Amino acid sequence: MNTRLIIFSLLFLGACSLSGPRQAATWYVLEDQGTASAGAKPTWPDTLLIRETDAPTFYQSSAMAYSRAPGTRGHYQYARQTELPAPRIAQLIRQRLEQSALFPAVAPLGSGVEGGYQLNTRLLDFYHDAARAPGEVRLLLEVELVRRGDAHLLARTRIETQAPAPSHDARGAAQGANAALTQALDRLTAWLGQIPRS
Amino acid sequence: MESEARYAWIGGTLIALFMALAGGLYWLSGAKDSQPSTRYTVYFQKQSLEGLQIGSEVRMRGIKVGRVADYRILPDTARGVRVLLEVDARIPVLEGALAMVNRKLVTGIAGVDLTNTTVNAPPLTHLPPGETYPVIAEGVPEMTRMTSVLEDLGNNGSEALQRINRLLSEDNQRAIAGTLANTRALTGQLAASAPALRETLEQSRRAAERLEQVGVAVETTLTATGHHIDNLAAQSRDTLNTVRATLDSAGATLEQTRTEIGALSLSLRLTADLASQDLQATSKVLRDSGRAMQQSARALGEPERILFGPPQGNLGPGEER
(Lines give C-alpha, C1' and ligand atoms only; values in the text may rest on other atoms or scores of the structure.)
Protein backbone atom coordinates (compact mmCIF):
# COMPACT_ATOMS: atom_id res chain seq x y z
CA MET A 1 0.00 0.00 0.00
CA ASN A 2 2.79 2.38 0.96
CA THR A 3 4.66 1.55 -2.24
CA ARG A 4 1.58 2.32 -4.33
CA LEU A 5 1.12 5.62 -2.51
CA ILE A 6 4.74 6.63 -3.15
CA ILE A 7 4.52 5.69 -6.86
CA PHE A 8 1.25 7.60 -7.25
CA SER A 9 2.75 10.68 -5.54
CA LEU A 10 5.83 10.60 -7.79
CA LEU A 11 3.65 10.30 -10.91
CA PHE A 12 1.51 13.21 -9.74
CA LEU A 13 4.52 15.40 -9.05
CA GLY A 14 6.05 14.45 -12.42
CA ALA A 15 2.89 15.36 -14.30
CA CYS A 16 2.68 18.72 -12.55
CA SER A 17 6.21 19.61 -13.65
CA LEU A 18 5.84 18.63 -17.33
CA SER A 19 5.57 22.13 -18.68
CA GLY A 20 8.07 23.86 -16.50
CA PRO A 21 9.31 27.38 -17.08
CA ARG A 22 10.96 27.88 -20.46
CA GLN A 23 12.79 30.76 -22.04
CA ALA A 24 10.88 32.64 -24.75
CA ALA A 25 12.18 32.21 -28.33
CA THR A 26 13.59 35.26 -30.13
CA TRP A 27 13.32 35.60 -33.91
CA TYR A 28 16.12 37.36 -35.81
CA VAL A 29 16.09 38.72 -39.38
CA LEU A 30 19.05 37.88 -41.64
CA GLU A 31 19.94 41.14 -43.41
CA ASP A 32 22.36 42.55 -45.97
CA GLN A 33 23.91 45.63 -44.41
CA GLY A 34 25.78 46.72 -47.55
CA THR A 35 24.90 48.32 -50.88
CA ALA A 36 26.27 48.03 -54.40
CA SER A 37 26.97 50.97 -56.68
CA ALA A 38 25.44 50.53 -60.13
CA GLY A 39 27.74 50.78 -63.15
CA ALA A 40 26.85 52.94 -66.15
CA LYS A 41 26.39 49.91 -68.45
CA PRO A 42 25.72 46.22 -67.65
CA THR A 43 28.87 44.10 -67.81
CA TRP A 44 26.99 41.00 -69.00
CA PRO A 45 24.80 40.98 -72.13
CA ASP A 46 21.87 38.84 -70.96
CA THR A 47 19.47 38.24 -68.04
CA LEU A 48 20.73 36.32 -64.98
CA LEU A 49 18.49 33.66 -63.40
CA ILE A 50 19.18 32.85 -59.76
CA ARG A 51 18.51 29.30 -58.62
CA GLU A 52 17.40 28.89 -55.00
CA THR A 53 20.36 28.17 -52.71
CA ASP A 54 20.98 24.50 -51.88
CA ALA A 55 21.68 23.72 -48.23
CA PRO A 56 22.51 20.62 -46.16
CA THR A 57 19.66 19.14 -44.10
CA PHE A 58 21.14 20.59 -40.90
CA TYR A 59 20.69 24.14 -42.22
CA GLN A 60 17.11 23.57 -43.43
CA SER A 61 15.89 24.78 -40.09
CA SER A 62 15.09 28.23 -38.79
CA ALA A 63 17.09 27.59 -35.60
CA MET A 64 20.48 29.35 -35.58
CA ALA A 65 23.53 27.09 -35.52
CA TYR A 66 26.58 27.17 -33.26
CA SER A 67 29.69 25.09 -32.59
CA ARG A 68 31.45 24.64 -29.28
CA ALA A 69 34.12 22.26 -30.56
CA PRO A 70 35.66 21.59 -33.99
CA GLY A 71 33.64 19.15 -36.06
CA THR A 72 30.45 19.61 -34.03
CA ARG A 73 27.35 21.68 -34.62
CA GLY A 74 24.28 22.45 -32.54
CA HIS A 75 21.12 24.50 -32.81
CA TYR A 76 20.21 27.34 -30.50
CA GLN A 77 17.03 26.22 -28.71
CA TYR A 78 15.50 29.66 -28.18
CA ALA A 79 16.89 31.69 -31.11
CA ARG A 80 15.49 31.41 -34.62
CA GLN A 81 15.65 33.21 -37.93
CA THR A 82 12.48 34.55 -39.48
CA GLU A 83 13.21 32.70 -42.72
CA LEU A 84 15.21 29.59 -43.62
CA PRO A 85 18.78 30.66 -44.43
CA ALA A 86 18.97 29.20 -47.96
CA PRO A 87 15.97 30.96 -49.56
CA ARG A 88 16.78 34.13 -47.65
CA ILE A 89 20.36 34.16 -48.99
CA ALA A 90 19.12 33.65 -52.58
CA GLN A 91 16.70 36.54 -52.12
CA LEU A 92 19.44 38.85 -50.77
CA ILE A 93 21.80 37.84 -53.61
CA ARG A 94 19.14 38.82 -56.14
CA GLN A 95 18.56 42.19 -54.46
CA ARG A 96 22.30 42.94 -54.29
CA LEU A 97 22.90 41.98 -57.96
CA GLU A 98 19.94 44.07 -59.08
CA GLN A 99 21.54 47.06 -57.32
CA SER A 100 24.91 46.37 -58.92
CA ALA A 101 23.39 46.35 -62.46
CA LEU A 102 26.03 43.88 -63.64
CA PHE A 103 23.28 42.19 -65.67
CA PRO A 104 20.45 43.83 -67.68
CA ALA A 105 17.95 42.00 -65.43
CA VAL A 106 18.03 39.54 -62.54
CA ALA A 107 15.15 37.12 -61.85
CA PRO A 108 14.54 33.95 -59.84
CA LEU A 109 14.77 30.69 -61.79
CA GLY A 110 11.30 29.38 -62.62
CA SER A 111 9.65 32.80 -62.68
CA GLY A 112 8.76 32.52 -66.38
CA VAL A 113 11.67 34.67 -67.55
CA GLU A 114 14.19 33.47 -70.13
CA GLY A 115 17.77 34.13 -69.17
CA GLY A 116 21.15 33.65 -70.75
CA TYR A 117 22.97 32.96 -67.50
CA GLN A 118 22.22 31.03 -64.32
CA LEU A 119 23.77 31.46 -60.87
CA ASN A 120 23.85 28.33 -58.67
CA THR A 121 24.71 28.70 -54.97
CA ARG A 122 25.29 26.14 -52.23
CA LEU A 123 25.36 27.00 -48.53
CA LEU A 124 28.08 24.76 -47.08
CA ASP A 125 28.44 26.19 -43.56
CA PHE A 126 26.90 29.03 -41.55
CA TYR A 127 27.37 28.92 -37.78
CA HIS A 128 28.47 30.75 -34.67
CA ASP A 129 31.93 29.45 -33.69
CA ALA A 130 31.43 29.71 -29.93
CA ALA A 131 34.50 27.73 -28.80
CA ARG A 132 35.85 30.97 -27.33
CA ALA A 133 33.79 33.88 -26.05
CA PRO A 134 32.42 35.90 -27.74
CA GLY A 135 33.35 33.89 -30.85
CA GLU A 136 32.77 34.62 -34.54
CA VAL A 137 30.29 33.71 -37.27
CA ARG A 138 31.64 31.68 -40.21
CA LEU A 139 29.96 31.47 -43.62
CA LEU A 140 31.03 29.20 -46.49
CA LEU A 141 29.25 29.56 -49.81
CA GLU A 142 29.95 27.82 -53.16
CA VAL A 143 28.93 29.75 -56.27
CA GLU A 144 28.95 28.88 -59.95
CA LEU A 145 27.95 30.81 -63.07
CA VAL A 146 26.47 28.82 -65.97
CA ARG A 147 25.78 29.92 -69.56
CA ARG A 148 22.36 28.42 -70.25
CA GLY A 149 22.52 28.43 -74.06
CA ASP A 150 25.09 25.62 -74.22
CA ALA A 151 25.01 24.56 -70.52
CA HIS A 152 28.63 25.67 -70.12
CA LEU A 153 30.14 26.26 -66.66
CA LEU A 154 31.81 29.66 -66.95
CA ALA A 155 33.31 29.91 -63.44
CA ARG A 156 33.06 28.51 -59.94
CA THR A 157 34.37 29.78 -56.61
CA ARG A 158 34.11 29.34 -52.85
CA ILE A 159 33.44 32.37 -50.71
CA GLU A 160 34.44 32.06 -47.05
CA THR A 161 33.86 34.93 -44.64
CA GLN A 162 34.16 35.43 -40.88
CA ALA A 163 32.75 38.19 -38.70
CA PRO A 164 33.16 38.62 -34.94
CA ALA A 165 30.09 38.13 -32.75
CA PRO A 166 29.70 41.13 -30.39
CA SER A 167 28.48 38.90 -27.55
CA HIS A 168 28.65 35.22 -26.63
CA ASP A 169 24.96 34.54 -27.19
CA ALA A 170 22.32 34.31 -29.91
CA ARG A 171 21.98 38.09 -30.26
CA GLY A 172 25.72 38.39 -30.95
CA ALA A 173 25.50 35.44 -33.36
CA ALA A 174 22.68 37.16 -35.30
CA GLN A 175 24.68 40.39 -35.64
CA GLY A 176 27.78 38.45 -36.70
CA ALA A 177 25.70 36.51 -39.26
CA ASN A 178 24.53 39.77 -40.88
CA ALA A 179 28.12 41.04 -41.08
CA ALA A 180 29.46 37.74 -42.52
CA LEU A 181 26.70 37.63 -45.15
CA THR A 182 27.33 41.25 -46.13
CA GLN A 183 31.02 40.46 -46.70
CA ALA A 184 30.07 37.42 -48.80
CA LEU A 185 27.73 39.49 -51.01
CA ASP A 186 30.48 42.11 -51.49
CA ARG A 187 32.87 39.39 -52.66
CA LEU A 188 30.26 37.73 -54.88
CA THR A 189 29.56 41.02 -56.68
CA ALA A 190 33.28 41.68 -57.20
CA TRP A 191 33.80 38.10 -58.48
CA LEU A 192 31.00 38.39 -61.06
CA GLY A 193 32.47 41.69 -62.24
CA GLN A 194 35.85 40.19 -63.07
CA ILE A 195 34.92 36.88 -64.77
CA PRO A 196 36.23 36.95 -68.36
CA ARG A 197 33.48 36.64 -70.98
CA SER A 198 34.54 33.98 -73.42
CA MET B 1 -5.18 9.97 37.23
CA GLU B 2 -2.90 8.26 34.76
CA SER B 3 -5.69 7.93 32.08
CA GLU B 4 -6.60 11.64 32.38
CA ALA B 5 -2.96 12.59 31.69
CA ARG B 6 -2.99 10.48 28.47
CA TYR B 7 -6.22 12.19 27.28
CA ALA B 8 -4.68 15.61 27.84
CA TRP B 9 -1.62 14.60 25.83
CA ILE B 10 -3.79 13.28 22.97
CA GLY B 11 -5.99 16.40 23.03
CA GLY B 12 -2.96 18.70 22.97
CA THR B 13 -1.43 16.80 20.10
CA LEU B 14 -4.72 16.99 18.12
CA ILE B 15 -4.99 20.75 18.70
CA ALA B 16 -1.39 21.24 17.55
CA LEU B 17 -2.04 19.17 14.40
CA PHE B 18 -5.22 21.13 13.58
CA MET B 19 -3.34 24.42 13.99
CA ALA B 20 -0.56 23.18 11.70
CA LEU B 21 -3.18 22.05 9.14
CA ALA B 22 -4.98 25.41 9.29
CA GLY B 23 -1.70 27.27 8.92
CA GLY B 24 -0.73 25.11 5.96
CA LEU B 25 -4.07 25.63 4.24
CA TYR B 26 -3.83 29.38 4.77
CA TRP B 27 -0.33 29.36 3.33
CA LEU B 28 -1.33 27.25 0.33
CA SER B 29 -4.56 29.05 -0.48
CA GLY B 30 -3.72 32.63 -0.55
CA ALA B 31 -1.29 34.12 1.84
CA LYS B 32 0.26 35.84 -1.17
CA ASP B 33 -3.14 36.92 -2.53
CA SER B 34 -2.93 39.89 -0.25
CA GLN B 35 -0.28 41.36 -2.53
CA PRO B 36 -1.53 44.15 -4.81
CA SER B 37 -2.63 42.94 -8.22
CA THR B 38 -3.75 44.39 -11.55
CA ARG B 39 -6.62 43.07 -13.62
CA TYR B 40 -6.60 42.55 -17.36
CA THR B 41 -9.18 41.28 -19.83
CA VAL B 42 -8.48 38.78 -22.64
CA TYR B 43 -10.92 37.81 -25.40
CA PHE B 44 -10.13 34.26 -26.59
CA GLN B 45 -11.62 33.54 -30.02
CA LYS B 46 -9.29 31.05 -31.73
CA GLN B 47 -7.90 28.85 -28.96
CA SER B 48 -9.57 26.04 -27.07
CA LEU B 49 -10.04 26.85 -23.39
CA GLU B 50 -10.47 23.22 -22.34
CA GLY B 51 -9.12 22.76 -18.81
CA LEU B 52 -9.14 26.48 -17.98
CA GLN B 53 -10.97 27.38 -14.76
CA ILE B 54 -11.18 30.09 -12.17
CA GLY B 55 -7.95 30.03 -10.22
CA SER B 56 -5.89 28.63 -13.11
CA GLU B 57 -2.33 29.94 -13.21
CA VAL B 58 -1.22 32.94 -15.23
CA ARG B 59 2.46 32.65 -16.18
CA MET B 60 5.04 34.91 -17.72
CA ARG B 61 8.34 33.36 -18.92
CA GLY B 62 7.32 30.24 -17.01
CA ILE B 63 6.83 31.97 -13.66
CA LYS B 64 3.45 32.11 -12.00
CA VAL B 65 2.44 35.78 -11.90
CA GLY B 66 -1.29 35.61 -11.26
CA ARG B 67 -4.48 33.65 -11.69
CA VAL B 68 -7.70 33.50 -13.69
CA ALA B 69 -10.19 35.55 -11.69
CA ASP B 70 -13.30 35.12 -13.79
CA TYR B 71 -14.56 34.21 -17.24
CA ARG B 72 -17.69 34.70 -19.25
CA ILE B 73 -18.82 33.02 -22.48
CA LEU B 74 -20.15 35.91 -24.57
CA PRO B 75 -23.30 35.53 -26.65
CA ASP B 76 -21.49 37.36 -29.45
CA THR B 77 -19.48 34.51 -31.07
CA ALA B 78 -17.14 36.97 -32.80
CA ARG B 79 -15.73 37.97 -29.42
CA GLY B 80 -15.51 34.42 -28.01
CA VAL B 81 -14.84 34.09 -24.29
CA ARG B 82 -13.89 36.97 -22.02
CA VAL B 83 -11.37 35.91 -19.38
CA LEU B 84 -10.44 38.18 -16.49
CA LEU B 85 -6.84 37.84 -15.30
CA GLU B 86 -5.46 38.99 -11.97
CA VAL B 87 -1.73 39.68 -12.31
CA ASP B 88 0.77 40.66 -9.63
CA ALA B 89 1.12 44.45 -9.85
CA ARG B 90 4.92 44.19 -9.86
CA ILE B 91 4.88 42.28 -13.15
CA PRO B 92 5.45 44.51 -16.20
CA VAL B 93 2.69 43.79 -18.71
CA LEU B 94 3.59 46.03 -21.68
CA GLU B 95 1.75 47.36 -24.73
CA GLY B 96 1.67 44.61 -27.38
CA ALA B 97 1.64 41.76 -24.83
CA LEU B 98 0.01 38.51 -26.01
CA ALA B 99 -1.93 35.87 -24.05
CA MET B 100 -1.86 32.17 -25.01
CA VAL B 101 -3.53 29.15 -23.44
CA ASN B 102 -0.95 26.60 -22.27
CA ARG B 103 -2.19 23.12 -21.46
CA LYS B 104 -0.28 20.40 -19.60
CA LEU B 105 -0.22 17.40 -21.90
CA VAL B 106 -0.84 14.71 -19.28
CA THR B 107 -3.18 16.36 -16.76
CA GLY B 108 -5.01 18.58 -19.26
CA ILE B 109 -4.94 21.46 -16.77
CA ALA B 110 -4.71 24.74 -18.63
CA GLY B 111 -3.22 28.09 -17.73
CA VAL B 112 -2.58 31.37 -19.47
CA ASP B 113 0.90 32.41 -20.64
CA LEU B 114 1.66 36.11 -21.07
CA THR B 115 4.44 37.26 -23.43
CA ASN B 116 5.76 40.79 -23.93
CA THR B 117 6.52 41.06 -27.64
CA THR B 118 7.98 44.59 -27.76
CA VAL B 119 11.07 45.68 -25.90
CA ASN B 120 10.90 48.99 -23.99
CA ALA B 121 7.17 49.44 -24.70
CA PRO B 122 5.11 51.45 -22.19
CA PRO B 123 3.06 49.55 -19.58
CA LEU B 124 -0.37 48.38 -20.73
CA THR B 125 -2.80 50.79 -19.05
CA HIS B 126 -4.96 51.95 -21.94
CA LEU B 127 -8.68 51.28 -21.45
CA PRO B 128 -10.52 50.64 -24.73
CA PRO B 129 -14.04 52.13 -24.95
CA GLY B 130 -16.53 50.08 -22.93
CA GLU B 131 -13.85 48.09 -21.08
CA THR B 132 -13.25 48.11 -17.33
CA TYR B 133 -9.70 46.76 -17.53
CA PRO B 134 -6.89 46.97 -20.10
CA VAL B 135 -7.25 44.33 -22.83
CA ILE B 136 -4.42 41.89 -23.69
CA ALA B 137 -4.50 40.57 -27.25
CA GLU B 138 -4.81 36.84 -27.97
CA GLY B 139 -1.61 35.17 -29.27
CA VAL B 140 -0.94 31.96 -31.17
CA PRO B 141 0.40 29.03 -29.11
CA GLU B 142 3.49 27.02 -30.25
CA MET B 143 1.43 23.89 -30.95
CA THR B 144 -0.93 25.81 -33.28
CA ARG B 145 2.08 27.34 -35.05
CA MET B 146 3.62 23.88 -35.56
CA THR B 147 0.30 22.56 -36.91
CA SER B 148 0.15 25.51 -39.30
CA VAL B 149 3.70 24.82 -40.51
CA LEU B 150 2.85 21.14 -41.15
CA GLU B 151 -0.30 22.20 -43.04
CA ASP B 152 1.75 24.60 -45.18
CA LEU B 153 4.22 21.80 -45.84
CA GLY B 154 1.46 19.48 -46.97
CA ASN B 155 -0.05 22.18 -49.20
CA ASN B 156 3.35 22.89 -50.80
CA GLY B 157 3.92 19.21 -51.51
CA SER B 158 0.44 18.88 -52.97
CA GLU B 159 0.94 21.94 -55.15
CA ALA B 160 4.28 20.63 -56.40
CA LEU B 161 2.68 17.29 -57.36
CA GLN B 162 -0.13 19.11 -59.14
CA ARG B 163 2.38 21.14 -61.11
CA ILE B 164 4.18 17.98 -62.17
CA ASN B 165 0.88 16.36 -63.12
CA ARG B 166 -0.07 19.41 -65.18
CA LEU B 167 3.32 19.49 -66.85
CA LEU B 168 3.16 15.81 -67.71
CA SER B 169 -0.55 15.79 -68.58
CA GLU B 170 -1.63 13.72 -71.56
CA ASP B 171 -2.71 16.85 -73.46
CA ASN B 172 0.76 18.42 -73.07
CA GLN B 173 2.49 15.19 -74.04
CA ARG B 174 0.25 14.83 -77.10
CA ALA B 175 0.80 18.49 -78.04
CA ILE B 176 4.59 18.28 -77.74
CA ALA B 177 4.67 14.95 -79.59
CA GLY B 178 2.43 16.40 -82.33
CA THR B 179 4.60 19.51 -82.69
CA LEU B 180 7.74 17.41 -82.94
CA ALA B 181 6.11 15.09 -85.51
CA ASN B 182 4.98 18.05 -87.62
CA THR B 183 8.42 19.62 -87.47
CA ARG B 184 10.00 16.31 -88.43
CA ALA B 185 7.57 15.86 -91.35
CA LEU B 186 8.07 19.44 -92.54
CA THR B 187 11.85 19.16 -92.35
CA GLY B 188 11.74 15.75 -94.09
CA GLN B 189 9.57 17.00 -96.94
CA LEU B 190 11.76 20.05 -97.36
CA ALA B 191 14.89 17.90 -97.37
CA ALA B 192 13.30 15.45 -99.85
CA SER B 193 12.14 18.13 -102.25
CA ALA B 194 15.25 20.31 -101.96
CA PRO B 195 17.28 18.50 -104.70
CA ALA B 196 14.34 18.52 -107.10
CA LEU B 197 13.64 22.17 -106.36
CA ARG B 198 17.31 23.05 -106.81
CA GLU B 199 17.35 21.14 -110.14
CA THR B 200 14.19 22.91 -111.31
CA LEU B 201 15.65 26.27 -110.45
CA GLU B 202 18.87 25.41 -112.27
CA GLN B 203 16.99 24.27 -115.37
CA SER B 204 14.84 27.38 -115.26
CA ARG B 205 17.94 29.56 -114.99
CA ARG B 206 19.54 27.75 -117.96
CA ALA B 207 16.32 28.06 -119.97
CA ALA B 208 16.15 31.74 -119.18
CA GLU B 209 19.72 32.22 -120.33
CA ARG B 210 19.02 30.36 -123.57
CA LEU B 211 15.82 32.27 -124.11
CA GLU B 212 17.68 35.50 -123.51
CA GLN B 213 20.26 34.42 -126.08
CA VAL B 214 17.49 33.34 -128.45
CA GLY B 215 15.72 36.62 -127.83
CA VAL B 216 18.80 38.61 -128.67
CA ALA B 217 19.32 36.55 -131.81
CA VAL B 218 15.68 36.81 -132.80
CA GLU B 219 15.71 40.56 -132.18
CA THR B 220 18.76 40.88 -134.41
CA THR B 221 17.10 38.76 -137.06
CA LEU B 222 13.87 40.71 -136.75
CA THR B 223 15.65 43.97 -137.12
CA ALA B 224 17.20 42.56 -140.18
CA THR B 225 14.07 40.95 -141.58
CA GLY B 226 11.59 43.67 -140.77
CA HIS B 227 8.59 44.47 -138.69
CA HIS B 228 6.73 41.24 -139.33
CA ILE B 229 8.92 39.41 -136.99
CA ASP B 230 8.66 42.13 -134.30
CA ASN B 231 5.62 40.42 -132.86
CA LEU B 232 7.54 37.21 -132.42
CA ALA B 233 10.28 39.09 -130.57
CA ALA B 234 7.72 40.73 -128.31
CA GLN B 235 6.20 37.33 -127.52
CA SER B 236 9.63 35.96 -126.72
CA ARG B 237 10.23 38.91 -124.37
CA ASP B 238 6.90 38.28 -122.64
CA THR B 239 7.82 34.64 -122.19
CA LEU B 240 11.13 35.72 -120.70
CA ASN B 241 9.39 38.07 -118.27
CA THR B 242 7.01 35.30 -117.22
CA VAL B 243 9.90 32.97 -116.51
CA ARG B 244 11.60 35.68 -114.43
CA ALA B 245 8.38 36.28 -112.45
CA THR B 246 8.08 32.54 -111.79
CA LEU B 247 11.64 32.44 -110.52
CA ASP B 248 11.01 35.46 -108.23
CA SER B 249 7.89 33.80 -106.80
CA ALA B 250 9.76 30.56 -106.08
CA GLY B 251 12.49 32.53 -104.31
CA ALA B 252 9.92 34.37 -102.15
CA THR B 253 8.24 31.10 -101.21
CA LEU B 254 11.57 29.63 -100.15
CA GLU B 255 12.36 32.74 -98.05
CA GLN B 256 8.96 32.56 -96.31
CA THR B 257 9.44 28.87 -95.53
CA ARG B 258 12.87 29.62 -94.01
CA THR B 259 11.37 32.39 -91.82
CA GLU B 260 8.56 30.13 -90.56
CA ILE B 261 10.98 27.36 -89.68
CA GLY B 262 13.13 29.88 -87.78
CA ALA B 263 10.12 31.13 -85.77
CA LEU B 264 9.05 27.56 -85.01
CA SER B 265 12.54 26.71 -83.83
CA LEU B 266 12.66 29.80 -81.54
CA SER B 267 9.26 28.94 -80.06
CA LEU B 268 10.34 25.35 -79.37
CA ARG B 269 13.58 26.50 -77.74
CA LEU B 270 11.71 28.96 -75.47
CA THR B 271 9.15 26.34 -74.46
CA ALA B 272 11.89 23.83 -73.65
CA ASP B 273 13.83 26.43 -71.61
CA LEU B 274 10.83 27.45 -69.47
CA ALA B 275 9.88 23.79 -68.95
CA SER B 276 13.44 23.08 -67.84
CA GLN B 277 13.30 25.95 -65.33
CA ASP B 278 9.99 24.69 -63.97
CA LEU B 279 11.38 21.18 -63.62
CA GLN B 280 14.46 22.45 -61.75
CA ALA B 281 12.35 24.54 -59.35
CA THR B 282 9.81 21.76 -58.82
CA SER B 283 12.41 19.10 -58.13
CA LYS B 284 14.08 21.39 -55.58
CA VAL B 285 10.75 22.02 -53.83
CA LEU B 286 10.16 18.25 -53.71
CA ARG B 287 13.62 17.58 -52.26
CA ASP B 288 13.21 20.31 -49.62
CA SER B 289 9.71 19.07 -48.72
CA GLY B 290 11.05 15.56 -48.22
CA ARG B 291 13.83 16.77 -45.96
CA ALA B 292 11.45 18.97 -43.95
CA MET B 293 9.12 16.01 -43.46
CA GLN B 294 12.06 13.91 -42.27
CA GLN B 295 12.96 16.60 -39.74
CA SER B 296 9.36 16.85 -38.54
CA ALA B 297 9.22 13.08 -38.15
CA ARG B 298 12.47 13.16 -36.16
CA ALA B 299 11.07 15.90 -33.89
CA LEU B 300 7.89 13.90 -33.30
CA GLY B 301 10.04 10.86 -32.53
CA GLU B 302 11.47 12.61 -29.49
CA PRO B 303 8.38 13.21 -27.32
CA GLU B 304 10.50 13.97 -24.27
CA ARG B 305 11.69 17.16 -25.96
CA ILE B 306 8.06 18.28 -26.36
CA LEU B 307 7.24 17.35 -22.77
CA PHE B 308 10.34 18.51 -20.90
CA GLY B 309 11.96 20.95 -23.33
CA PRO B 310 15.51 20.66 -24.69
CA PRO B 311 18.11 18.85 -22.58
CA GLN B 312 20.53 21.09 -20.68
CA GLY B 313 23.42 19.95 -22.91
CA ASN B 314 21.64 21.12 -26.08
CA LEU B 315 21.27 24.73 -24.98
CA GLY B 316 23.30 27.23 -26.99
CA PRO B 317 25.69 29.85 -25.63
CA GLY B 318 23.88 32.30 -23.35
CA GLU B 319 20.74 30.12 -23.16
CA GLU B 320 19.24 28.76 -19.97
CA ARG B 321 16.09 26.75 -19.22
Side-chain angles (χ1 to χ4, degrees), chain A residues 11-12 14-26 49 51-58 60-68 74-79 84 86-87 107-115 118 120 128 130-131 133-135 148-149 151 165 167-173, chain B residues 59-64 102-111 113-117 119 142 145 149 163 269-271 273-285 287-292 294-295 298-299 304-321:
Chain A
L11 284 173
F12 181 75
C16 288
S17 65
L18 281 180
S19 108
R22 292 188 193 174
Q23 188 177 342
T26 308
L49 300 179
R51 188 169 182 265
E52 193 170 296
T53 305
D54 290 321
T57 310
F58 179 76
Q60 290 177 8
S61 160
S62 62
M64 295 169 59
Y66 68 89
S67 168
R68 281 203 176 98
H75 279 136
Y76 277 98
Q77 301 298 315
Y78 299 109
L84 296 181
L109 185 80
S111 58
V113 177
E114 193 195 18
Q118 179 173 324
N120 299 330
H128 177 199
R148 289 173 56 77
S167 55
H168 193 237
D169 55 11
R171 178 180 294 275
Chain B
R59 292 174 174 269
M60 179 177 280
R61 299 177 73 89
I63 301 167
K64 180 185 176 187
N102 179 16
R103 190 171 295 102
K104 292 181 170 46
L105 289 180
V106 173
T107 62
I109 296 173
D113 279 351
L114 297 182
T115 308
N116 285 322
T117 57
V119 182
E142 283 289 331
R145 206 173 288 150
V149 167
R163 287 174 64 180
R269 189 176 61 78
L270 188 61
T271 306
D273 184 71
L274 295 180
S276 149
Q277 287 190 39
D278 258 354
L279 272 177
Q280 281 194 58
T282 307
S283 64
K284 179 157 192 349
V285 167
R287 277 200 306 275
D288 289 349
S289 299
R291 287 171 182 157
Q294 281 178 352
Q295 280 193 337
R298 266 202 298 275
E304 68 275 11
R305 284 179 72 89
I306 299 173
L307 294 175
F308 301 108
Q312 187 70 32
N314 282 9
L315 295 177
E319 290 184 326
E320 31 185 68
R321 297 184 71 170

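Every chain is numbered from 1 and lettered A, B, ... according to where its sequence line falls, protein lines coming before strand lines. Predicted model, so just to flag it, every value in this text is computed and none were measured.
In this structure, the separation between CG on B/D273 and CG on A/L49 is 7.5 Å, given to the nearest 0.5 Å. In this structure, CG in A/D169 is found 9.0 Å from CD in B/E319, a value given to the nearest 0.5 Å. Atom CD of B/Q277 and atom CD of A/E114 lie 8.0 Å apart (nearest 0.5 Å).
Neither the backbone nor the side chain of A/R171 comes within contact range of chain B, judged by heavy atoms closer than 4.5 Å. Only the backbone of A/S111 comes within contact range of chain B, judged by heavy atoms closer than 4.5 Å. The contact between B/L274 and chain A is made entirely by side chain atoms (from C-beta outward), counting heavy-atom distances below 4.5 Å. Only the backbone of A/A55 comes within less than 4.5 Å of a heavy atom in chain B; its side chain stays farther off.
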Determine, step by step, whether A/Y76 and B/L315 satisfy the side-chain contact (heavy atoms from CB on, under 4.5 Å) criterion, reporting the C-alpha distance in whole Å, the side-chain angles of both residues, the deciding distance to 0.1 Å, and the verdict. CA-CA 6 Å; A/Y76 277 98; B/L315 295 177; over 6 Å; no
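Counting all heavy atoms, side chain and backbone alike, B/R61 lies closest to A/A24 at NH1-CB, 4.4 Å.
Looking at heavy atoms from C-beta onward, B/P310 lies out of side-chain contact with A/H75 at the 4.5 angstrom threshold.
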